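Each remark here refers to the structure printed beneath this line.
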Amino acid sequence: MAAVMFFVAGLLLTLLLTETTTASALHFASSFRLCDRRRIDKIVMNLSGIAVDERSGKLLLVVNKPMRILVYNPATNMVERTAHTDAVNDGEGVTWLGANRVGGAYEFAVVDEQAKTRKIVKDPSSSRIVVFDADTLQVTGETYGVDVDILHNKGLEGLAYDATRERFYAVQEKSPMRVIAIPRGDDREPGGGYETVIDNQTAFRGVGITDLAGATYVVDGGLLLLLSQEQRRLALFDVENGRFLEDEVFDVSGALHPEGVAYDALRGKLYVVGEPNEIFVYCRVVEKLPEEVVVLEELMNLVSVG
């Protein structure tokens, strides 16, 4: 009897582990609730991007006109640092990179939507990804030109990063809507090479997306969380399988002008920022254990009693 119980328990455990990523992906949107909404007094307008410093939970904010980077502490509701930069002309999205694989310094990156208009560095690419040191807030010298067609200021708006695969994901707002992947490292082809991840306009509209304003990478499941400004909506895209999770869509209808999104997996927080100076905070709700876990525990209890 005990042997049978152990076999069944092992089978259930295998099934549970196999479906862990799928289950977490399927319940991602429904597990968040709006828990806070703030305006940052230090910002008058043009808040356009957000990333989480995974070490501290502090937020890196990108603000335009003039271009600057702010370090904001959500625990105290205070802007702790401000750094003006002329290395980026039209900064939109920002993403956390983590520790540099060579020197170990912590870094983040900003996407420059219209790099061709920059006066500081001559660069033929239409857009650029610029890497910053997370402690000094200064550029590291690591940049990536991305040559995409830009019509009517509809260029690269959001930026995400997959540290495991060492590649950036950038989203183009419109004309066309698309997500592209840019490899990080010295082996990248010169001239702004990239890979198109998705540009199927029908697929975007199938989940209610009519533009792309921001993106963040969700490591648990290998997902991209994509933000639509026009529809005030978030949708999950499964990178590995190349498809949207159609049931995993949720609205951020309270936001006036959503521009960026960031996910803090460690602290269970999802942030959406928008113009002029808003931050929406979504908190992850702890749900009950999956039924498979409950059954597994009951079986193991029977085995121990037997």
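Starting from 1, each residue takes its place in the sequence as its number. Atoms considered below: every heavy atom in the structure, side chains included; atoms not considered: hydrogens, waters and symmetry mates. In this text the structure is predicted, and so the values were computed from the model without any measurement.
At least one side-chain heavy atom of Leu270 sits under 4.5 Å from a side-chain heavy atom of Leu225. Inter-residue side-chain proximity for Phe280 and Val252 is flagged as unmet; no heavy-atom pair is nearer than 4.5 Å. Between Tyr217 and Thr95, every side-chain heavy-atom pair lies at or beyond the 4.5 Å cut-off. Using a 4.5 Å cut-off on side-chain heavy atoms (C-beta onward), His257 and Glu278 make no contact. The shortest distance between side-chain heavy atoms of Met45 and Lys65 does not fall below 4.5 Å. Side-chain atoms of Thr210 and Ser228, non-hydrogen and from C-beta on, do get closer than 4.5 Å to each other. At a threshold of 4.5 Å between non-hydrogen side-chain atoms, the residues Val281 and Tyr271 count as touching. Two residues are said to be in side-chain contact when any heavy atoms from C-beta on lie closer than 4.5 Å; Leu234 and Val272 meet this criterion.
For Asp41, the CG atom is loosely surrounded, since the number of other residues' heavy atoms within 6.0 Å does not exceed 12. Counting non-hydrogen atoms of other residues, nucleotides and ligands closer than 6.0 Å to CD of Glu80 gives a total above 12.
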Intermediate values then yes/no, side chain to side chain contact (heavy atoms under 4.5 Å, CB included), Val239 and Leu223:
CA-CA 6 Å; Val239 177; Leu223 308 168; over 6 Å; no
Using the side chain to side chain contact (heavy atoms under 4.5 Å, CB included) rule, take Glu275 and Asn46 through it: C-alpha gap first, then chi angles, then the decisive distance, then the call.
CA-CA 5 Å; Glu275 296 178 352; Asn46 296 323; 4.0 Å; yes
Worked check of side chain to side chain contact (heavy atoms under 4.5 Å, CB included) between Leu226 and Ile209
CA-CA 9 Å; Leu226 302 175; Ile209 299 292; 5.5 Å; no
Could you please spell out the steps behind the side chain to side chain contact (heavy atoms under 4.5 Å, CB included) verdict for Glu173 and Glu92?
CA-CA 11 Å; Glu173 183 180 1; Glu92 293 291 342; over 6 Å; no
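Hydrophobic clustering, with ILVMFWY side chains joined whenever heavy atoms are under 4.5 angstrom apart, groups Ile198 together with Met177. No path of Ile, Leu, Val, Met, Phe, Trp and Tyr side chains, each step under 4.5 Å between heavy atoms, connects Val219 with Val52, placing them in separate hydrophobic clusters. There is no path of hydrophobic side-chain contacts, each under 4.5 Å, that joins Val171 to Leu47. Linking ILVMFWY side-chain heavy atoms closer than 4.5 Å, directly or via other members, places Leu59 and Val110 in two distinct hydrophobic clusters. Both Leu34 and Val261 are members of a single hydrophobic cluster when ILVMFWY side chains are connected at heavy-atom separations under 4.5 Å.
Salt bridge annotation for Arg165-Glu195: absent, with no cationic side-chain nitrogen under 4.0 angstrom from a carboxylate oxygen. Salt-bridge check for Arg55 with Asp135: passed, with a basic side-chain N closer than 4.0 Å to an acidic carboxylate O.
A side-chain donor from one of Arg284 and Ser31 sits under 3.5 Å from a side-chain acceptor of the other. Defined by atom type and a distance below 3.5 Å, a donor-acceptor pair is present between the side-chain atoms of Tyr72 and Asn77. Using modelled atom types, one finds no donor on one side chain facing an acceptor on the other under 3.5 Å when comparing Asp211 with Gln229.
Residue Tyr161 is tested with Trp96, Phe168, Phe108 for a ring-ring contact (aromatic ring centres under 6.0 Å, His included); the sole match is Phe168. The ring-ring contact (aromatic ring centres under 6.0 Å, His included) with Phe28 is formed by just one residue from the set Tyr263, Phe237, Phe250; it is Tyr263. With respect to Asp112, the side-chain contact (heavy atoms from CB on, under 4.5 Å) criterion is satisfied by exactly one of Leu156, Leu159, Val88: Val88. Considering Glu230, Gln201, Glu157 as possible partners of Lys174, the one that fulfils the side chain to side chain donor-acceptor pair (under 3.5 Å) test is Glu230.
Between the side chain of Tyr144 and the backbone N or O of Gly185, at least one donor-acceptor pair lies under 3.5 Å. The backbone N or O of Ala75 sits less than 3.5 Å from a side-chain atom of Asn73, completing a donor-acceptor pair. Under the 3.5 Å distance criterion, the side-chain polar atoms of Arg167 are left unmatched by any main-chain donor or acceptor of Thr164. Under a 3.5 Å cut-off, the side chain of Arg38 and the backbone N or O of Asp36 do not form any donor-acceptor pair. Without hydrogens or angle criteria, Asn277 side chain to Arg39 main chain gives no donor-acceptor distance under 3.5 Å.
Taking CG of Asp133 as the start and OH of Tyr106 as the end, the distance is 12.0 Å to the nearest 0.5 Å. To the nearest 0.5 Å, atom CD of residue Glu259 and atom CG of residue Leu61 are 13.0 Å apart. The structure places CZ of Arg68 at 13.5 Å from CG of Leu137, a figure rounded to the nearest 0.5 Å. Rounding to the nearest 0.5 Å places CG of Asp162 at 12.0 Å from CZ of Arg184. Here CD of Glu54 is found 9.5 Å from CG of Leu97. Values are rounded to the nearest 0.5 Å. Note: Leu266 CG to Asp264 CG = 6.0 Å, rounded to the nearest 0.5 Å.
When every heavy atom of Ala109 is checked against every heavy atom of Ile129, the shortest pair comes out as CB-CG2, 3.9 Å. A pairwise comparison of heavy atoms in Gly104 and Ala99 identifies O-CB, 3.8 Å as the closest pair. Here the closest non-hydrogen pair linking Ala213 and Pro258 is CB-O, 3.9 Å. Scanning both residues, Val207 and Ala235, for their nearest heavy atoms gives CG2-CB, 4.1 Å. Contact record, Leu224 with Val179: CD1-CG1, 3.8 Å, taken as the closest heavy-atom pair. Shortest non-hydrogen contact noted between Gly260 and Ile50 is C-CG2, 3.8 Å.
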